[in-house]
Amino acid sequence: MTFQSSLFHYEADLSALTDAEREVFQAVEQDGFGVREYARKTGRKPGTVGNLLARARQKVGGEAGA
């Protein structure tokens, strides 16, 4: 027996993220930008984008310390 899955089951819940974390997470994880590429595009430092992405990944993944 096979079950049909829906897109809803695979979509990350981004409601716990700040606007900046959500923006970076979507750009890197969903739209395929690289961290440095997105930093250049937005005028941020790569470390800032990396930190926002790390916090977003923790929150979305449900890891402790978020």
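Only this structure's heavy atoms are used, side chains among them; waters, hydrogens and symmetry mates stay out. Counting from 1, the numbers follow the sequence of the chain as shown. Given the structure is predicted, the values throughout are model-derived calculations rather than measurements.
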Taken to the nearest 0.5 Å, the spacing of Q58 CD from E21 CD works out to 9.5 Å
Counting N and O atoms only, with roles assigned by atom type, does the side chain of R22 sit under 3.5 Å from a partner on the main chain of L14, one being a donor and the other an acceptor?
yes
Counting N and O atoms only, with roles assigned by atom type, does the side chain of R44 sit under 3.5 Å from a partner on the main chain of A39, one being a donor and the other an acceptor?
no
Closest non-hydrogen atom pair between P46 and R36, with its separation
CG-NH1, 3.8 Å
Quickly, which of T18, V49, V35 forms a side-chain contact (heavy atoms from CB on, under 4.5 Å) with V24? Name it, please.
V49
Check D13 against V60 and note the closest heavy-atom contact, atom names and distance.
O-CG2, 4.0 Å
Check L17 against F25 and note the closest heavy-atom contact, atom names and distance.
CD1-CB, 4.3 Å
Note, E23 side chain near D19 side chain (heavy atom, < 4.5 Å):
no
Using side-chain hydrogen bond (donor to acceptor under 3.5 Å, both in side chains) as the criterion, list what pairs up with D31, not counting sequence neighbours.
none
Please report the interatomic distance OG1(T42) to CZ(F33), rounded to the nearest 0.5 Å.
9.5 Å
Backbone of G34 reached by a side-chain donor or acceptor of E37 within 3.5 Å:
yes
Return the minimal non-hydrogen interatomic distance between V28 and R57, and the atom names on each side.
CG1-NH2, 4.4 Å
